Every structure is written in C-alpha cells, then in structure tokens.
Q: 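Mind having a look at this structure? Questions to follow.
For clarity, every value in this text was computed on a predicted model and none was experimentally measured.
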Amino acid sequence: MMYTNNYVIVAIFLGLGIFLPVAALTIGKWLRPSKPVVEKYTTYESGNEPVGEGQIRFNIRYYLFALMFVIFDVETVFLYPWAVAFNQLGLFALVEMCIFVALLAIGLIYAWKKKVLQWTSV
C-alpha cells in the first residue's frame, strides 16, 4: 500500500509537469494578439536590416576564451563554499583544496604554453 501511494504521488507530479506548461502555452496563444504581416517575418537585428549571410565563420579563439572563462568561473563557485566553511572542515579539506587549485594552475600554465591566451587578429 505504501509503494502504491508513492507511485500515485509521482504520477500526479508527472501529470502536473505536463499539464501546466501545455495549459500556459494554450492560454497564452488564446490571449495574445495575432496580426501576421510580412514585416514580422523578416530578420531583425538591433533595428538594422541584415547585411550578408547569416552564417559566418568565427575565429576558434572566441570559443577557447569562452571555454577558459567557463572553466575558471565554475571553479570559483567551488572555492566559495569551501572558504565559508574553512574553519569547520579541517586540514584534510585544506589539502584537497590545495590539490584542486594546483590542478587549476597546471591547466592555466598548459593553456599559457600553448599560447591559447594570446589574442591575434587572424
């Protein structure tokens, strides 16, 4: 009996998880104004008419810089809770965090040696 009750709760949440977004989108479709005109279907970019192709090649360095930023930004998220609870964690956590920061430093040195951090115009 207890297991059946758990399945009923899961089924209710699953049903609500499907019903609520569908209901919200349906009600939104009914309430919003619909006046299709040709201008609405054109590409709009910051108030300017688009010039050239929509798909161009970007320098790979944009992606490398973005990836490096995400890596080091996420790692700082891991450092903050450790710093807040530093007094309660003890020596073991300090050693673990030193290893963690050392791995980050090794990654940064590797990227520096590969000249990933140097920006060239080509």
Side-chain angles (χ1 to χ4, degrees):
M1 185 65 179
M2 184 69 167
Y3 292 117
T4 308
N5 191 20
N6 289 339
Y7 284 116
V8 170
I9 292 172
V10 169
I12 289 171
F13 275 103
L14 186 63
L16 286 173
I18 293 170
F19 172 73
L20 290 177
V22 170
L25 290 172
T26 304
I27 291 170
K29 186 175 182 179
W30 291 338
L31 294 178
R32 71 176 177 246
S34 176
K35 297 178 183 174
V37 291
V38 176
E39 288 82 19
K40 286 186 178 181
Y41 294 112
T42 61
T43 305
Y44 182 77
E45 185 69 33
S46 302
N48 299 321
E49 290 294 323
V51 178
E53 294 185 28
Q55 295 184 358
I56 59 173
R57 296 187 118 194
F58 285 101
N59 192 342
I60 190 68
R61 295 207 182 268
Y62 290 118
Y63 300 108
L64 291 174
F65 269 77
L67 187 60
M68 294 289 287
F69 171 76
V70 168
I71 288 171
F72 287 102
D73 191 46
V74 168
E75 304 315 329
T76 58
V77 170
F78 290 128
L79 287 172
Y80 183 73
W82 172 80
V84 169
F86 175 71
N87 289 334
Q88 292 84 19
L89 295 176
L91 183 62
F92 179 73
L94 177 65
V95 172
E96 289 293 325
M97 192 51 66
C98 288
I99 293 170
F100 181 72
V101 171
L103 287 173
L104 285 178
I106 289 169
L108 183 61
I109 291 168
Y110 176 77
W112 202 319
K113 295 277 185 185
K114 288 288 189 178
K115 300 188 190 267
V116 172
L117 302 175
Q118 290 182 351
W119 188 265
T120 57
S121 61
V122 177

Q: Would a single hydrophobic cluster contain both V10 and V8, if residues Ile, Leu, Val, Met, Phe, Trp and Tyr are joined by side-chain heavy-atom contacts under 4.5 Å?
A: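 Each belongs to a different hydrophobic cluster.
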Q: Could you list the donor-acceptor pairs under 3.5 angstrom formed between side-chain atoms of residues 71-86 and any protein atom two or more places apart in sequence or on another chain?
A:
residue, atom, partner, partner atom, Å
T76, OG1, D73, O, 2.5
W82, NE1, A93, O, 3.4

Q: Would you tabulate the side-chain donor-acceptor contacts of residues 18-35 under 3.5 Å, counting partners in other chains and residues two or more places apart, or write 'none'?
A:
residue, atom, partner, partner atom, Å
T26, OG1, V22, O, 2.7

Q: Donor-acceptor pairs under 3.5 Å, side chain of residues 100-116 to any protein atom, not counting sequence neighbours: which ones?
A:
none

